[in-house]
Undergrad: 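Below are the structure tokens for one structure; questions will follow.
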Amino acid sequence: MVLTRVAPSPTGDPHLGTAYMALFDYVWARQQGGRFMVRIEDTDRSRFNPQSEQRILQSLRWLGLQYDEGPDIGGPNAPYHQSQRLELYHRYADQLLELGCAYRAFETPEELERIRRELDGKGQRRGYDGRGRALPQEESDRRARAGEPFAVRLRAPDSGITVVRDQLRGPVRFDNAGLEDTILLKSDGYPTYHLAVVIDDHLAGVSDVLRGEEWLSSAAIHVLLYGALDWEQPNWYHLPLLRNPDHSKLSKRSGHTSLEWFRGQGVLPEALCNYLALMGFSMPDGRELFSLEQLIEAFSWRRFSLSGPVFDLQKLLWLNGKYIREVLEVTELERRLAGFGAERGWQPYPTFARVVELMRPRISTLLEFWERTRYFYAEDYPVTEAAAALVADSGPLLEEALAALRQLRPFSAEAAEAALRDLAQRQGRKLGQLVQPLRAALCGATETPGMFEILELLGPELTERRLERAVAGTHGLV
RNA sequence: GGCCCCAUCGUCUAACGGUUAGGACACCACCCUCUCACGGUGGAGAUACGAGUUCGAAUCUCGUUGGGGUCACCA
């Protein structure tokens, strides 16, 4: 039985990298008929952020990556917060101490800092020299009993090699001499990631550990712990890290990494999942547009690439546009736009459905729709510099257009086209020379859907009012 | 710097010893056209380098180079 898990740390914004891992956790578990679980790794009290957990869980739900067990829905492996599992970690830390696989270290942060500097001076970039190993057992016990704070450190083997059997790269060998006596239990009583992850994954029966490549180095520590506790190892999958355009590990510094940002832009969750899947996986037939269901159907690790993919916002936006115009039904698109707008105070209006139709091939996000169609539903629409200039230069021409449009009956797209073509011909101009100023005056922009359709949607009243304003030179001064 | 991972167009990738090295985004041109998009057609653009194995290497091996990760009482 396959059990995968994603284990976010509630320290800040819901991260794109979390979604990336969760996506493959979800897909792999579903395909294997297994389960997918969420666990909260809240063992760092200094970075804990009380809002973070709910935002992360909500982002996962938004993406459609439904988990089978987790902090808010419970399940057979509760509790799902590491902060509520402290006795467990202590029990196994004690066991490791008894086994001789770990030892107490009493150095203070200041002492450690000094040790680190000494080692660095000797050209060794490591955090600790293992001096705590020399402490006699009785003294260690006595100081612990006396209440002196200590950390529990792994007693890394001095020789031999530890092999991490990564499912994606084959055996990865680590020289044990290069391993550090990593801290397993902090002096505040909380475990570090290394101890907690091994215990929790084992106890829950996590069969497949999917995580970022950043963990590969410390995977040796985890393998050692599984061995010390005589537990069977899970299958390891270290996935490549999403990269910034400069190829560094994806970070806030050079791009957007918060899932909430993408949602706020009006990126569709299915498009984001689809795009994330493309970061490493490829369909056998090369298709780039596919649903989560199709991904589950076709997924295979053999088709997974290991080079760190650069996250390309432009391509995501293209894909999102593709979903908007080709995947979603129009009515569904209307529903999403309405829902998106509602959170920001934008309401559908009488001509909304028709405007959606016209804008569909012209937008790549939901936000873009609302931002670029304000002239359809409000009078305080923005006027671009180019539009303002065009209007200013076209007074007489607009007056003629206004006169012609006043006569327009019915006020339909067809009639408007006939009238404007006729007017342009009488003026000896190309249609565009007439329509562009009109567009600028009526929409405040030089880039919009077809003018004839817009005239019909605006209707005679708004059209006349806006043109009168334009002719009077008060355009854009609402 | 030590250790570890990775290496095909600018970017995401296909090709699992034999292909004119394919597709997508982006870019350029043209078509469509009232603008902008969409759509269509075409174009430019890659196997990092060097050895080896082989009749034959993008593909296997080694080295070099480059990029990334990691070396916290953070995850």
Side-chain angles (χ1 to χ4, degrees), chain A residues 7-11 41-44 46-47 105 107-109 112-113 116 120 123-128 149-153 164 166 168-169 172-175 177-180 182-194 196-197 211-220 238 240-241 243 245-249 275 278-289 302-303 305-319 321 325-326 358-364 372 417 420-421 424 430-436 438-440 443 445-452:
Chain A
S9 201
T11 53
E41 310 228 319
D42 55 349
T43 57
D44 184 346
S46 60
R47 291 204 304 159
E107 290 80 11
T108 62
L112 286 174
E113 181 53 38
R116 202 169 297 128
D120 200 35
Q124 294 182 52
R125 186 128 72 215
R126 12 171 66 211
Y128 190 61
F150 62 86
V152 175
R153 284 185 181 268
V164 177
D166 188 273
L168 304 177
R169 331 163 185 255
V172 180
R173 297 179 172 80
F174 293 88
D175 196 334
L179 265 28
E180 273 196 66
T182 316
I183 291 190
L184 303 177
L185 201 62
K186 298 181 262 184
S187 58
D188 65 0
Y190 281 74
T192 59
Y193 173 83
H194 307 293
V197 76
R211 73 216 312 193
E213 193 183 351
E214 54 191 335
W215 292 111
L216 187 52
S217 310
S218 50
H238 291 94
L241 262 18
R243 310 276 190 95
D246 70 356
H247 291 93
S248 61
K249 169 175 161 178
Y275 180 69
L278 254 20
M279 302 272 88
F281 178 74
S282 63
M283 281 286 185
D285 61 0
R287 235 178 333 149
E288 294 199 296
L289 195 71
R302 286 189 57 250
R303 300 201 58 81
S305 156
L306 293 180
S307 37
V310 171
F311 189 89
D312 183 0
L313 182 60
Q314 220 170 3
K315 184 156 181 177
L316 167 65
L317 261 19
W318 164 78
L319 194 61
R325 73 186 94 92
E326 289 176 21
L358 292 175
M359 289 303 289
R360 194 139 90 123
R362 297 176 163 83
I363 53 171
S364 58
R372 289 179 42 196
E417 174 161 11
L420 291 176
R421 282 191 190 283
K430 287 188 170 181
L431 184 60
Q433 291 176 298
L434 170 61
V435 166
Q436 277 306 87
L438 207 49
R439 192 189 308 279
C443 310
T446 51
E447 302 165 5
T448 77
M451 200 62 247
F452 314 131

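Residue numbers start from 1 in every chain, and the chains themselves are labelled A, B, ... in the order their sequence lines are given, proteins ahead of strands. Heavy atoms only: backbone and side chains are in, while hydrogens, waters and symmetry mates are out. Treat the numbers as computed from the prediction; the structure is a model and nothing was measured.
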Undergrad: Have a look at A/Gly280 and say if it touches a base, only the backbone sugar-phosphate, or nothing, with a 4.0 Å heavy-atom cut-off.
TA: sugar-phosphate

Undergrad: Under a 3.5 Å cut-off for both distances, is B/rU35 Watson-Crick or wobble paired, and to whom?
TA: none

Undergrad: For A/Val435 and for A/Asp175, find the nucleotide of RNA chain B with the closest heavy atom, then tell me which residue's nucleotide is more 5'.
TA: A/Asp175

Undergrad: When the C1' atoms of B/rA7 and B/rU13 are compared, how many Å lie between them, rounded to an integer?
TA: 14 Å

Undergrad: Look at A/Ser282 and B/rA14 and indicate whether a side-chain polar atom (N or O) is within less than 4.0 Å of OP1 or OP2.
TA: yes

Undergrad: Heavy atoms only, 4.0 Å cut-off, all strands: where does A/Met279 land among base, sugar-phosphate and nothing?
TA: sugar-phosphate

Undergrad: Whom does B/rA24 pair with, Watson-Crick or G-U wobble, provided both distances fall under 3.5 Å?
TA: B/rU11

Undergrad: What's the closest nucleotide to the side chain of A/Trp318 if the choices are B/rA24, B/rC12, B/rU35?
TA: B/rA24

Undergrad: What contact category does A/Pro449 fall into here, base, sugar-phosphate, or nothing, at under 4.0 angstrom with non-hydrogen atoms?
TA: base

Undergrad: With the side chain of A/Arg362 defined as its heavy atoms from C-beta on, choose the nearest nucleotide among B/rC34, B/rC36, B/rC12.
TA: B/rC36

Undergrad: Can you work out whether A/Gln124 or A/Leu316 has the more 5'-proximal nearest nucleotide on RNA chain B?
TA: A/Gln124

Undergrad: Picking from B/rC6, B/rC12, B/rA15, which would you name as closest to the side chain of A/Arg169?
TA: B/rC6

Undergrad: What nucleotide, of B/rC6, B/rG39, B/rC16, holds the atom closest to the side chain of A/Leu306?
TA: B/rC6

Undergrad: Scan A/Arg173 against the nucleic acid and name what it touches under 4.0 Å (heavy atoms): base, sugar-phosphate only, or nothing.
TA: sugar-phosphate

Undergrad: Indicate for each nucleotide in nucleotides 67-75 of chain B, in 5' to 3' sequence, whether protein heavy atoms under 4.0 Å reach the base (B), only the sugar-phosphate (S), or nothing (-).
TA: SSBSBSBBB

Undergrad: I want to verify a distance call: between B/rC4, B/rC38, B/rA26, whose nearest atom is closest to the A/Phe174 side chain?
TA: B/rC4

Undergrad: Using atom C1' of each nucleotide, how far apart are B/rA51 and B/rA14 to the nearest Å?
TA: 28 Å

Undergrad: Contact class for A/Thr446 (heavy atom, under 4.0 Å): base, sugar-phosphate, or nothing?
TA: base

Undergrad: Tell me whether the side-chain N/O atoms of A/Arg325 come closer than 4.0 Å to OP1 or OP2 in B/rG39.
TA: yes

Undergrad: What does B/rG2 pair with, Watson-Crick or G-U, if both distances are under 3.5 Å?
TA: B/rU70

Undergrad: Rounding to the closest angstrom, what is the interatomic distance between B/rA44 and B/rA29 at atom C1'?
TA: 11 Å

Undergrad: Applying the Watson-Crick and G-U wobble criteria at under 3.5 Å, what pairs with B/rG63? Answer none if nothing qualifies.
TA: B/rC49

Undergrad: Can you classify the ring geometry of A/Trp215 versus A/His194 as parallel (below 30°), tilted (30 to 60°) or perpendicular (above 60°)?
TA: perpendicular

Undergrad: Pick the C1' atom in B/rU47 and in B/rC60, then give their distance to the nearest Å.
TA: 15 Å

Undergrad: Between B/rG2 and B/rU20, how far apart are the P atoms? Round to whole Å, please.
TA: 44 Å

Undergrad: Mind checking if A/Gly308 touches a base, just sugar-phosphate, or nothing, with heavy atoms under 4.0 Å?
TA: sugar-phosphate

Undergrad: When we call it a touch if two heavy atoms are under 4.0 Å apart, what does A/Arg303 touch: a base, just sugar-phosphate, or nothing?
TA: sugar-phosphate

